[in-house]
Each structure stands twice: as structure tokens, then as C-alpha cells.
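Report on one structure; see the data block that follows.
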Amino acid sequence: MQSNWAQIRENLENMLPAGQYKVWITPLVPAGDCEACGNELVLFAPGEYAAQFVRARFLDPLRAAAATVFGRSVAVKVLAGRVSTATPEQPAVPAGGEAPAAVPAPRPLRSEQLALPLALAAESSNAVARVWRHTFADFVVGPSNEMAYVASRGIGRDAGFDTLFLCSGPGLGKTHLMQAAGKALCDSCNRTNPKVEYVSAETFASNFYLALKHKDIDRFKARYRSLDLLLLEDVHFLQDKEKTQAELLATLEALRDRGGRIVFTGSFLPKNLRNMDERLVSRLTSGIVCDIQRPDEETRRRIVRQKASVHQVILPEEAEDVLTRHLCADVRQIESCLHSLILKARLCNTLITVEMAMEAVRRYAVDNPMLDMEAIVAHVCRGFGLTTDQLLSVARKQEYVAARNTAFYLARKHTDLSLEAIGKRFNRRHSTVLKGITNLEREISRQTPIGRQMAGAVALIERNSML
């Protein structure tokens, strides 16, 4: 089964994001020979929580990867078990089984780095497509993001700086520019195989925790301190994580000493972060810091045209006007609305009309992109069934906190108010506002049940605000 499982894992590595593959798929161990077990593949995870998570999130990819190897549909069963360290071939033993207890094998932290440019093999080309989804060629430049664009191009050249921090609200292009910078640097690097790591701050923290837990810190350090380029997303998630901040600071110093480049992204400027090591904040701002704003109308028009061209669609001028005028929140909103509009036109086998564009816009757009605080408070109270006094009270009931965090998030997204000004409106400190927004973004990015519920609540409030 080991050879078959190796092929299945290889397929999964090409199908899944690198972080998910490393954390959830790498620890899985097959039990027995799938050919001898009929049409069932049995896998053991390190514990019950891991088994439940894999069953909930990865059964479909596992089935697809296994079907490719065996040439037929294969049922997949994921159980909680222990991994014996006796021999590599020894299968996992289910929790509560009769085999003698064994010390769990530490989850391996893969030390091999992404080598770019890769060899011309089929699996390599898939890996590049998965990692580098964006390039500078498909980024629309305007007054709101021009400095960030120029700085992102410069990080891969001899521009006099080795650190770049990209800050913006959600969906305004910081991830696009980060990946484009990574691809450009790898394409132009004078090293044959530059070492690159593209990872979220939460994944970095999780890997660090696992390395400490399994006493494998040397491998962790070797993985991150020998890089040519580190791309670290969502640095604000490291607030309150003192040990992880200290390790990141040491990593950054090591990279600087060896001439490595670093690109960070965050939803807040470094100066606004709280419970962060002052030396780390200083390191984050040691290069170029760029704050990306919402695109103006002309930039949005060019974004609409560029996204439509990706789908090989030429929009009527009137429909283009509707999308440009009303889709003001972020680029993801434009992409999603445009995709929905094009899909409906193709399903109905008809040309896109102004009426279809208006119908699509009503599901996505906020008529007034600059909602003021009073409107946000009113819509949040209506959406959560609260009064204004309840929303502004000191009570810590779960529904009150969720409503306040939603209001903080919407105020950050739809107004130009500072975190201090938002906090003052709610009789809260700046740090409370920042923590509330970070917690909401974390839940939404993880796609937890609460995160999906909150994302739906935000979308519903935004839609209702235009009625």
C-alpha cells in the first residue's frame, strides 16, 4: 500500500493548498493494502480531532486522488489511531486496540523547499499553478494601489530595500501583489533553485507550536531561516503570541543576514498592532510600508473590463457602467458579481443586458460605498435584533459581542474612520476594536461554522443597506 499511498499523497499535494496538505494529509497513515480490502481505503489520523477534521474537509479530495491511482471509485474511511515507530511499514493501530502502546511519532515538518523554477515534469507544473495564482500582468494599477505595485515589483530587484509590508482591507489586492512579487523574484533570481516559503501567519505559528511540542525545533529553524524569500500573510494574527513573535523576529534577522527578501501582508498598519514585540514592529517597518485603498471609479472600470476579458466576454457599455458605479467595496465583490452575471447569461444562452446587470448588482452591491457610522449601527442593530443601547452597552453576551465586531468590521471596510474614532463611537478602546476585527476575520478565513454565519450576516447587512 505504501507505493499506492505515495501516489495518492502526490495527487493530493497538487490538489490542496500547501499548508492544508502539510498539516492534515502528511500525518495520515494507511492501514493494510487497499487492493486487498476491496474498494475501501482505511487511513489513520494522529487523534480523534484530526480524524474528524479530515472527514469533514478532505474526504472528497481523498476519494478523487485514490480513484486516479486505482482507476475506480474507492470508499475512504478515516479513523483515529496511533502511529508505531518500530518500522516505516508498520500500520497504525486504532485507538483502544490490542497492540502494545507506542510513543506517537512526531509529525514531520517537511524541510524540502519549493524549488523554482521547477523541472519540466507534469506534477511540477501543477504545483506552480497552485502556488502562483497571480502575476503583475493581470493586476490593474490605479491611484489607490500604484505605490504598492511599484514597491512589489522593486522587492525582487536591487531597489535598495529587502522588506515590504502591504496593508489593506479585505479584497483590495495585497495577496495578489504578494504572489506576483514571489513569482517575479523566482523567475529573475540568479540562483538555480531559490528557496521560497509562502505561508500565513497562523500556519507559521501552528508549525512553530508543533515543532516545540515534538522537540523538532531545529528542523523548523532550518526550514524558515535558510530562505531566499519569505512571503508571510496576515501578520496581525500574531498579536498576543509572544513566543511566536520572538521566533519570527529571530527568523527575520537570520534572513536579513543572509540577504533574503521578506514580504508581509496585514489588515492593519504595523503601528496600529497591539501586544506585539516593539522590535518586531520595528522590523516590519524597516523597509517599505504601503497602504492600499479602495479603487476609484476609473480603476474599477478597468478592473471590470480586465475580469470580463478573462472570461472572454465583452460587456455592453451600459452594463459596464452599472457594475462600475455600484460595485465599490472591493475587487472580490467585482469578481463574484461578474462571474455570477456571466454564468447566468451562459445558462440562459442570452446576451448580457443592463437589466441582468442591475439584478446581479442588487445581490452584491452597497449603493452608497461610504456608509457612515449611524447607518452601520442601524443596519447591525436591525440585522442582529438589538437596540442601539444594547449594542453600545458594556454587556459581554455572545450576540452583543458578535454584533459589535461586525460593526467594527463594517466601519473599517466602508468608512475612512481610524480605529480610535471607531472605538470612541462605541465607548471602546482602540485595542478592543482591533481585536474584534481580527477575531471576525480569523473566523471568516477559517470558514468555521461561526465564520460562515458571520460572513453571511455581513453580506446580508451590506445588501440590506442599499434597500
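The closest donor-acceptor contact from the side chain of Q239 to the backbone of N275 lies at 3.5 Å or more, if one exists at all. Here the side chain of T285 pairs a donor or acceptor atom with the backbone of V281 at under 3.5 angstrom. Put simply, the side chain of R219 never gets that close to the backbone of I217: no donor and acceptor are under 3.5 Å apart. Checking side-chain atoms of T324 against main-chain N and O of E320 turns up a donor-acceptor pair under 3.5 Å.
By the side chain to side chain donor-acceptor pair (under 3.5 Å) test, K435 is found to be paired with no residue, residues two or more places apart in sequence or in another chain being considered. Not counting sequence neighbours, the partners of F53 by the ring-ring contact (aromatic ring centres under 6.0 Å, His included) test are W24. Here D296 pairs with nothing under the salt bridge (Lys or Arg N to Asp or Glu O under 4.0 Å) rule; sequence neighbours left out. E441 pairs by the side chain to side chain donor-acceptor pair (under 3.5 Å) definition with H236, S267, not counting sequence neighbours. Scored by the side-chain contact (heavy atoms from CB on, under 4.5 Å) test, A421 finds L417, S418 as partners (sequence neighbours excluded). For F136, the ring-ring contact (aromatic ring centres under 6.0 Å, His included) partners at least two apart in sequence or on another chain are Y149. For the side-chain contact (heavy atoms from CB on, under 4.5 Å) test, residues two or more places apart in sequence or in another chain that qualify with R442 are E202, F237, K241, T438, N439, R446. Every residue two or more places apart in sequence or in another chain that forms a side-chain contact (heavy atoms from CB on, under 4.5 Å) with E359 is listed here: K344, R362, R363. For H430, the ring-ring contact (aromatic ring centres under 6.0 Å, His included) criterion is met by no residue, not counting sequence neighbours. Residues passing the side-chain contact (heavy atoms from CB on, under 4.5 Å) test with V310 are Q306, sequence neighbours excluded.
Heavy atoms only, all atoms of each residue included: L440 and N405 are closest at CD2-O, 3.7 Å. Residues W132 and C186 share a closest heavy-atom pair of CZ2-SG, 4.1 Å. Shown here for K174 and S168, the closest heavy-atom pair between the two residues is NZ-O, 3.3 Å. Here the closest heavy-atom approach between residue P46 and residue P27 is recorded as CG-CB, 3.6 Å. Residues A411 and I422 come closest through the heavy atom pair CB-CD1, 3.7 Å.
Using a 4.0 Å cut-off between charged nitrogen and carboxylate oxygen, D60 and R63 count as a salt-bridge pair. No salt bridge links E297 with R325; every basic N to acidic carboxylate O contact stays at or beyond 4.0 Å.
Counting only residues at least two apart or on different chains, the salt bridge (charged side-chain N to carboxylate O under 4.0 Å, His left out) pairs with a member in residues 272-291 are E253-R283, D277-R279.
For R429, the CZ atom sits in a loose shell: 12 or fewer heavy atoms of surrounding residues, nucleotides or ligands are nearer than 6.0 Å.
The shortest side-chain heavy-atom distance between L232 and T265 does not fall under the 4.5 Å cut-off. Under the 4.5 Å side-chain criterion, counting only non-hydrogen atoms from C-beta, L43 is in contact with W5.
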Check step by step if side-chain hydrogen bond (donor to acceptor under 3.5 Å, both in side chains) holds for T203 and S200. CA-CA 5 Å; T203 300; S200 70; 2.9 Å; yes
May I have the step-by-step check of side-chain hydrogen bond (donor to acceptor under 3.5 Å, both in side chains) for Y224 and E247, ending in yes or no? CA-CA 10 Å; Y224 285 103; E247 176 58 32; over 6 Å; no
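Checking K195, R261, R258 one by one against D228, the salt bridge (charged side-chain N to carboxylate O under 4.0 Å, His left out) holds for a single residue, R258.
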Using distance only, find each side-chain donor-acceptor pair of residues 141-148 under 3.5 Å and give its atom names and separation, not counting sequence neighbours.
from	atom 1	to	atom 2	distance (Å)
N145	OD1	G142	N	2.8
N145	ND2	V140	O	3.2

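Here the two rings, on F208 and F204, have centers that are 6.0 Å apart or farther.
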